[in-house]
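Just below is one structure, and these are the notes that go with it.
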Amino acid sequence: MTIKVTHSVSSFGVSDESKSSEHNIKMMDNLSPVVPKSIADMWKSLPPDVRAVLVESELKGDDCHTAKQPLKPRQAQRSDSCTTSPTVMTPSSSVSFSEQCSLLGSSKESDTDDDVENGVVTHEKCPLSGADFTLSPLERAPKNVFAFTKTQTTEKSEVVKTSSATITTTTKVVSTSRGWRNIFSLPISYDVNMVAHGTLFDTVNSQLLDATGVHEEGYNTRFAVVDAEVEKLYGDKIREYFVAKGIELTMCVINGGELDKRPKAVDTILDDLCAYKLRRREPFLAIGGGCVLDIAGMAACLYRRGVPFVRVPTTLLAIVDASVGVKNGVDYCCGVTDETYKNRIGSFYAPSACLLDPMFISSQDARNISNGLGEVLKLALVRSSDLFELLEAHGKTLVETRFEDEQLKQSGVTSRIIDLSIQIMLEELGPNLWEAKLDRCVDYGHTFSKLLEMVPGADIMHGEAVNIDGFFCVVLSYLRGYINIDIVHRIFNCMKSLNLPTNSSDLNLELAWQSCKDAIEHRHGEQRIPLITDIGESICVSDITEEELSRALDMMAKFDHHC
């Protein structure tokens with residue numbers, strides 16, 4: 001229903017139309033001692049005959065058992081996307097006035113978000129459109145499904161000046177509509193399990209088999225996606241483990257390099273899942289580095305619109321980063337621009353569990369371990385001075401011994417570094433799994449690194465690119481006066497001790513400025529670039545200029561970046 005009202009007001013007095021409206025508002029005031037101006041304006045915008053019918057019905061009290069009680073305004077406003085408004089009787093195209101009165105009379109005044117979930121009639125105002133919503137629970141799903149009526153008021157004024165007066169013509173349009181709102185909170189819970197060092201494929205340890213779910217007796221098959229390099233090193237042990245458990249394992253082996261992180265790899269897994277005939281609630285295993293875990297997670301999200309999967313990370317980078325969040329995805333080559341975009345296609349989809357065995361770290365070469373420490377150092381810079389001090393003191397030894405130094409293991413340094421990294425990631429991701437908040441300190445090192453990684457022919461790993469980006473941001477922080485030069489040199493020396501690159505010939509002004517523009521697109525209209533204000537503390541900024549980037553690049557060139 002749409003009601004359109006046009007009336008005029010002279011600068012020398014009030015029209016008869018306005019006096020009539022004021023009279024009706026006074027009558028409404030007798031019913032409700034406290035009426036907000038917005039409600040009074042809405043009442044005033046209705047045609048006189050409509051207001052007369054509503055007032056008469058209200059005064060008689062025949063159709064509404066609450067008519068003799070004044071309407072009470074809300075005591076507070078909600079601070080989320082919609083604000084609550086006072087209970088008010090508004091015309092609707094689908095609900096009669098008497099029906100609305102009966103409905104609103106039974107509502108419970110409350111200002112909490114639990115109102116809607118608990119089946120209470122609520123009233124909201126959309127901060128974007130200004131529309132007023134009345135949400136009424138449906139009988140068979142009172143906590144989830146609500147019928148709503150929406151009232152939208154728009155106003156347009158036109159001023160005409162004459163020799164004797166100024167005439168303001170105001171046109172108000174009040175429209176109502178109806179619909180339904182579905183409210184469903186998706187419960188997300190997954191365990192990140194630390195496995196005793198080197199016991200994951202020990203037949204005495206049942207964790208790997210238990211993670212694949214509880215099946216009825218006689219169901220003796222399982223499915224696993226395995227990184228090609230992992231299959232070379234651990235393929236026999238994986239098979240022997242399941243043979244010892246009486247399980248026939250179907251293994252889908254895929255390459256785990258960045259160049260292989262494409263939709264085609266997802267299709268490979270989906271084909272094998274179809275051939276295997278994975279059951280709807282049956283978890284499959286994903287064993288490998290970060291790329292394989294991302295690809296497998298994407299396939300799990302798509303197959304039958306979502307099946308469980310278990311992450312088993314086999315690199316330091318995957319253990320502290322890719323395994324603990326809910327992101328999955330692949331790089332995408334756009335057929336229109338002919339450009340490849342990193343992680344452009346993906347999903348938020350949680351694993352059913354993660355199994356972390358630090359023994360995999362020792363099977364990596366020094367470069368891969370340094371690569372993983374690039375992500376660990378990122379977390380230290382934005383969140384933990386304690387973690388930074390551990391890396392500063394022991395990082396070099398960890399790289400040289402591939403995390404197998406007995407003294408560091410006995411003293412707990414090795415496990416402390418891994419545990420702190422995982423905990424920081426979970427603390428940051430946990431309250432913001434779907435990235436509703438885009439100012440994220442864990443995006444440190446992930447503004448300029450994306451384009452660095454996608455430079456054709458570039459020999460650079462993810463953690464290395466993150467570290468180059470990270471040092472560039474350290475310089476930006478210094479130039480802004482956030483940190484002093486001593487902190488800059490301290491961070492630089494720590495990065496060098498971890499054998500991490502601190503600059504790249506591909507990091508030029510064009511790439512840096514394009515990265516800022518891409519950040520604005522990816523982070524919804526603002527750069528939101530994390531910068532440190534001290535070791536372990538950070539802020540997000542959105543005003544970095546091209547000239548600022550140029551100065552930072554000039555300062556970067558003065559450091560000795562050779563290992």
Side-chain angles (χ1 to χ4, degrees), residues 186 188-192 208-209 211-213 215 219 221-232 234-235 238-239 242 247-315 317-319 321-335 340-356 360 429 433-435 462:
L186 183 65
I188 297 297
S189 174
Y190 58 95
D191 291 344
V192 179
L208 191 62
L209 180 62
T212 60
H215 299 280
Y219 190 81
T221 63
R222 298 294 190 277
F223 185 90
V225 177
V226 182
D227 189 304
E229 290 300 315
V230 173
E231 197 279 331
K232 291 177 184 178
Y234 298 100
I238 296 172
R239 294 184 186 92
F242 284 99
I247 300 296
E248 179 185 344
L249 181 68
T250 297
M251 193 180 292
C252 172
V253 180
I254 63 173
N255 293 324
E258 187 69 37
L259 293 177
D260 301 295
K261 193 179 177 183
R262 299 289 191 274
K264 183 179 179 181
V266 178
D267 288 342
T268 298
I269 298 175
L270 294 176
D271 285 346
D272 284 4
L273 285 171
C274 287
Y276 173 80
K277 301 187 184 305
L278 187 81
R279 297 184 179 187
R280 183 67 177 273
R281 299 288 184 261
E282 179 184 354
F284 71 83
L285 293 167
I287 308 174
C291 288
V292 167
L293 298 186
D294 280 355
I295 296 167
M298 188 69 178
C301 175
L302 294 173
Y303 191 75
R304 297 188 187 277
R305 288 168 295 279
V307 293
F309 79 110
V310 179
R311 287 177 176 153
V312 181
T314 59
T315 65
L317 183 69
I319 287 173
D321 183 37
S323 68
V324 298
V326 296
K327 282 185 176 181
N328 308 283
V330 295
D331 302 338
Y332 185 75
C333 182
C334 176
T340 300
Y341 300 94
K342 185 172 177 61
N343 291 326
R344 185 55 62 93
I345 307 300
S347 63
F348 293 110
Y349 189 71
S352 53
C354 303
L355 301 175
L356 314 183
F360 287 114
L429 298 178
L433 275 181
W434 271 256
E435 297 182 9
H462 178 68

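Excluded from the calculations below are hydrogen atoms, water molecules and symmetry mates; all remaining heavy atoms, backbone and side chain alike, are included.
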Q: Tell me, yes or no, whether the heavy-atom count around Y190 atom OH, taken from other residues, nucleotides or ligands under 6.0 Å, exceeds 12.
A: yes
**Q.** Worked verdict on T212 versus R222 for side-chain hydrogen bond (donor to acceptor under 3.5 Å, both in side chains)
**A.** CA-CA 8 Å; T212 60; R222 298 294 190 277; 2.9 Å; yes
Q.
Enumerate the ring pair (Phe, Tyr, Trp, His ring centres under 6.0 Å) contacts for residues 260-288, please, sequence neighbours excluded, ordered by first and then second residue.
A. F223-Y276, F223-F284
**Q.** Candidates R344, K264, R262 - the one meeting salt bridge (charged side-chain N to carboxylate O under 4.0 Å, His left out) with D331
**A.** R262
Q.
For a side chain to side chain contact (heavy atoms under 4.5 Å, CB included) check, start with the C-alpha distance between H462 and L317, then their side-chain angles and the critical distance, and finish with the verdict.
A. CA-CA 9 Å; H462 178 68; L317 183 69; 4.1 Å; yes
Q | V266: which of N328, I295, I254, D294 passes side-chain contact (heavy atoms from CB on, under 4.5 Å) | A | I295
Q | Residues E231 and R239 bridged, charged N to O under 4.0 Å | A | yes
Q.
If we ignore hydrogens and angles and just use 3.5 Å, is the side chain of T340 paired with the main-chain N or O of C333 as donor and acceptor?
A. no
**Q.** Stepwise side chain to side chain contact (heavy atoms under 4.5 Å, CB included) test for R279 and Y219
**A.** CA-CA 11 Å; R279 297 184 179 187; Y219 190 81; 3.1 Å; yes
Q: Give a yes or no on whether R280 atom CZ has more than 12 heavy-atom contacts from other residues, nucleotides or ligands under 6.0 Å away.
A: yes
Q: Check step by step if side-chain hydrogen bond (donor to acceptor under 3.5 Å, both in side chains) holds for K261 and N343.
A: CA-CA 9 Å; K261 193 179 177 183; N343 291 326; 2.7 Å; yes
(Q) Restricting to non-hydrogen atoms, name the atom on D272 and the atom on C252 that form the minimum distance, rounded to 0.1 Å. (A) OD2-SG, 3.2 Å
Q.
So which atom in G288 and which in L293 form the shortest heavy-atom distance, rounded to 0.1 Å?
A. O-CG, 3.8 Å
Q | Closest contact, heavy atoms only, I269 versus A296 | A | CD1-CA, 3.9 Å
